[in-house]
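To start, the structure under review is shown below, and the notes come after it.
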Amino acid sequence: MHDDLETLASHLNTRALGRAHEHHAEVTSTNDRLAQWAKEGAPDGAVVTADVQTQGRGRRGRVWSSQGENLYVSVLLRPGRLVDGSALARDFSALGLVVAVGLARGLEPLLGRDCLELKWPNDLLVGGRKLGGILCESRWLGRAPEVVVGFGINVRQEEFDAEHVAMATSLARLGVEEGRPQVLARVLGGLESAVDAFVARGFARLRGEYEARCPMLRGRVRVDAGQGGVEVQALGVDRDGALRVREEDGQERRVCVGDVVRARVGSG
Ligand code: BTN
């Protein structure tokens, strides 16, 4: 199989995403390299990929193991000035959820409907195991955000170390044989469609799609961030991406950051 990410351009079906592309054999983090390129004038939609990241990072300061034959990708988004009162300004913090919808749109044709699940805020799971994760990092130029959307998707890695073997999966393990450039082209297409809709109309139309792909929003969950691991009923997501939950006392609360897992059946 031809798996060279330098060939990305020949697979692309996008307007902007990936049209400017740098591939590296090794970087510290694709997010860092793209942030640097952005300061030097990289265009909207520019993409950095790498075969290996020596300091790949995940949400909440975690390490993102980055040695396998997987996708390590960063995409530059410059959605424009956030004008007061606009849908985009109001919903901007839902961007990470929009990215998850976009990646799901791209991967779904490979995996079949209902196979891929989202886990709030923006993990990609299959059969309860992690297939991919998203890390968005922004800087502000006045009222205009410049967002580095980083994501990792396990593509061809079949073996995982002891720490990850029970928690991780890959497209290869799921029987998908497409190589990294083809998978990335699909994902960038899905991402562009979701981001375009978000920039034009905010999160309103995408929220239902996010909730439909996120089964944990229809059950009891355990919230670990700042709430002492309480078990609550998930209700859905707000327009700004916050998770809405109902606590035991009937009070509704919003969770803006943190780790949330499905409650074990029979617990609580
Ligand atoms: C998470 O699930 O915690 C998010 C993982 C994000 C990993 C990707 S790989 C490409 C980009 N570069 C990084 O250093 N991190 C993101």
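Counting starts at 1 for both ligands and their atoms, following the listed order. We use all heavy atoms of the structure for the numbers below, so side chains are in, but hydrogens, waters and symmetry mates are not.
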Which residue holds the protein heavy atom closest to [atom], what is that atom called, and what is the gap in Å?
atom                    : value
atom 15 (N) of ligand 1 : Arg57 O, 2.7 Å
atom 2 (O) of ligand 1  : Lys130 NZ, 2.7 Å
atom 12 (N) of ligand 1 : Gln53 OE1, 2.9 Å
atom 5 (C) of ligand 1  : Trp64 CE3, 3.3 Å
atom 1 (C) of ligand 1  : Arg59 N, 3.6 Å

Considering both backbone and side-chain atoms of Thr30, is one of its nitrogen or oxygen atoms within less than 3.5 Å of a nitrogen or oxygen in ligand 1?
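Yes, at least one N or O pair falls under 3.5 Å.
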Please indicate whether any nitrogen or oxygen in Tyr72 is less than 3.5 Å from any nitrogen or oxygen in ligand 1.
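Tyr72 vs ligand 1: no N/O contact under 3.5 Å.
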Heavy-atom distances under 4.0 Å decide this one: backbone, side chain, both or neither, for Val73 against ligand 1?
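The answer is the backbone of Val73.
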Please work out whether any backbone atom (N, CA, C, O) or any side-chain heavy atom from C-beta onward of Arg62 is under 4.0 Å from ligand 1, and answer side chain, backbone, both or neither.
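It is neither part, as no heavy atom is under 4.0 Å.
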State, to 0.1 Å, how close Ser170 and Phe160 come at their nearest heavy-atom pair, and which atoms those are.
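Closest pair (atom of Ser170, atom of Phe160, distance): CB-CZ, 4.2 Å.
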Enumerate the atoms of ligand 1 whose separation from the nearest heavy atom of [X] is less than 4.0 angstrom.
X      : value
Asp123 : 2 (O)
Ser29  : 12 (N), 13 (C), 14 (O)
Gly56  : 14 (O)

Residue pair Val101 / Leu97, side-chain heavy-atom distance below 4.5 Å
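Val101 does not reach Leu97 side chain to side chain.
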Tell me the nearest of Ile134, Val63, Thr28 to atom 4 (C) of ligand 1, using heavy-atom distances.
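The nearest heavy atom belongs to Ile134.
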